[in-house]
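Data block below; observations after.
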Amino acid sequence: MDAVRIIAVSRRGLAEATTVQDVLVEAWQAQALAEAIGSHLAIFGPYAVRSRARGLGDAGGRFSGGLLCPGSATVGLRAAQLTEVRDVRAALTNLSLLLRDVCEALVAVVLLADEEGMYWTCVEAMDTVDEARDRVSGILEKLEVRDPNPA
């Protein structure tokens, strides 16, 4: 499945998240998707962005919050469905929006966190999401420098 379609499904999933657990599962899904897209672009993407894409893959894989989500094993990773990235710019732009939405949802969870473990899990997730967004921005900038007049 194309990255843009999976990102759209993830954005809907996040918008429909109603519990803290749902938000954490969606954050985990988004991070796994960032890792998968980064890894895919590191191999198949434009040569000029492959090293930056590898960094995105690494950043996406750092969040271990999925281990704290009991339902996550039954949900399955959307990222496992990734087979192609047809439009690199569209995928990265939409991924950046998804990661921004995840960060905003995690801020809301942090504000409501009544236990320290949940608070720190969300802070870790926000840090990881922010790093992944930075990496996405770097790849997009590199693409713009490489081809300032996209077709």
Side-chain angles (χ1 to χ4, degrees), residues 1-109 121-151:
M1 183 182 302
D2 181 54
V4 173
R5 286 184 57 201
I6 298 171
I7 293 166
V9 170
S10 292
R11 289 190 79 192
R12 275 194 304 277
L14 182 62
E16 295 170 359
T18 57
T19 66
V20 169
Q21 190 68 25
D22 292 344
V23 171
L24 287 176
V25 167
E26 291 303 325
W28 178 63
Q29 290 278 3
Q31 284 301 113
L33 189 52
E35 179 181 14
I37 291 171
S39 297
H40 183 87
L41 292 177
I43 298 168
F44 303 109
Y47 184 77
V49 301
R50 287 184 181 180
S51 66
R52 289 176 189 248
R54 193 173 307 110
L56 173 60
D58 292 345
R62 287 195 187 110
F63 177 51
S64 59
L67 301 175
L68 303 174
C69 302
S72 60
T74 60
V75 172
L77 278 176
R78 289 183 201 112
Q81 299 172 13
L82 179 72
T83 57
E84 62 185 329
V85 180
R86 288 185 196 146
D87 184 337
V88 174
R89 281 186 182 84
L92 292 171
T93 299
N94 286 307
L95 179 60
S96 183
L97 294 172
L98 170 63
L99 295 172
R100 181 203 62 203
D101 294 348
V102 166
C103 220
E104 289 173 2
L106 288 168
V107 167
V109 171
T121 296
C122 290
V123 168
E124 174 195 351
M126 285 187 296
D127 286 345
T128 307
V129 167
D130 193 43
E131 180 182 352
R133 276 190 74 205
D134 288 346
R135 302 261 182 183
V136 169
S137 294
I139 296 169
L140 284 168
E141 287 172 13
K142 186 72 171 179
L143 285 172
E144 290 302 315
V145 167
R146 183 177 147 259
D147 186 11
N149 298 314

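By convention here, the first residue in the shown sequence is residue 1. Basis for what follows: all heavy atoms, side chains included, without hydrogens, waters or symmetry-related copies.
Take Ser96 and apply the side chain to side chain contact (heavy atoms under 4.5 Å, CB included) test, not counting sequence neighbours, and it matches Arg133, Val136. For Asp2, the side chain to side chain contact (heavy atoms under 4.5 Å, CB included) partners two or more places apart in sequence, or in a different chain, are Val4, Glu84, Arg86. Residues passing the side chain to side chain contact (heavy atoms under 4.5 Å, CB included) test with Asp130, sequence neighbours excluded: Asp134. Partners of Gln81 by side chain to side chain donor-acceptor pair (under 3.5 Å), not counting sequence neighbours: none found. Take Thr18 and apply the side chain to side chain contact (heavy atoms under 4.5 Å, CB included) test, not counting sequence neighbours, and it matches Asp22.
For residues 93-105, the pairs satisfying salt bridge (charged side-chain N to carboxylate O under 4.0 Å, His left out) are Arg11-Asp101, Arg100-Glu104, with sequence neighbours left out.
Taken from CG in Leu77 to CD in Gln29, the straight-line distance is 5.5 Å, to the nearest 0.5 Å. Taken to the nearest 0.5 Å, the CG atom of Leu33 stands 6.0 Å off from the CG atom of Leu95. Here the OG atom belonging to Ser10 is positioned 10.0 Å from the CG atom belonging to Leu99, to the nearest 0.5 angstrom. If you take CZ on Arg5 and CG on Asn94, they are separated by 13.5 Å, rounding to the nearest 0.5 Å. Distance check: Leu56 CG to Ser51 OG gives 12.0 Å after rounding to the nearest 0.5 Å. With rounding to the nearest 0.5 Å, the separation of CG in Leu106 from CD in Glu124 is 10.5 Å.
Arg135 contributes no side-chain N or O that, together with a main-chain N or O of Ala34, makes up a donor-acceptor pair within less than 3.5 Å. A donor-acceptor pair under 3.5 Å is formed between the side chain of Arg50 and the backbone N or O of Gly45.
Side-chain contact check for Val102 versus Glu26: every heavy-atom pair is 4.5 Å or farther apart. Side chains of Ile7 and Ile37 form a contact here, defined as non-hydrogen atoms less than 4.5 Å apart. A heavy-atom distance below 4.5 Å is not found between the side chains of Leu24 and Thr19.
When all heavy atoms of Ala48 and Lys142 are compared, the closest pair comes out as O-CE, 3.4 Å. Contact between Arg78 and Gly13 at its shortest, heavy atoms only, is NH2-CA, 4.4 Å. Nearest approach of Arg89 to Leu143, heavy atoms of both residues: NH2-O, 3.2 Å. Nearest heavy-atom pair across Ile139 and Ala53 is CD1-CA, 3.7 Å. Closest non-hydrogen pair, Ala32 versus Ala79, comes out as O-CB, 3.5 Å.
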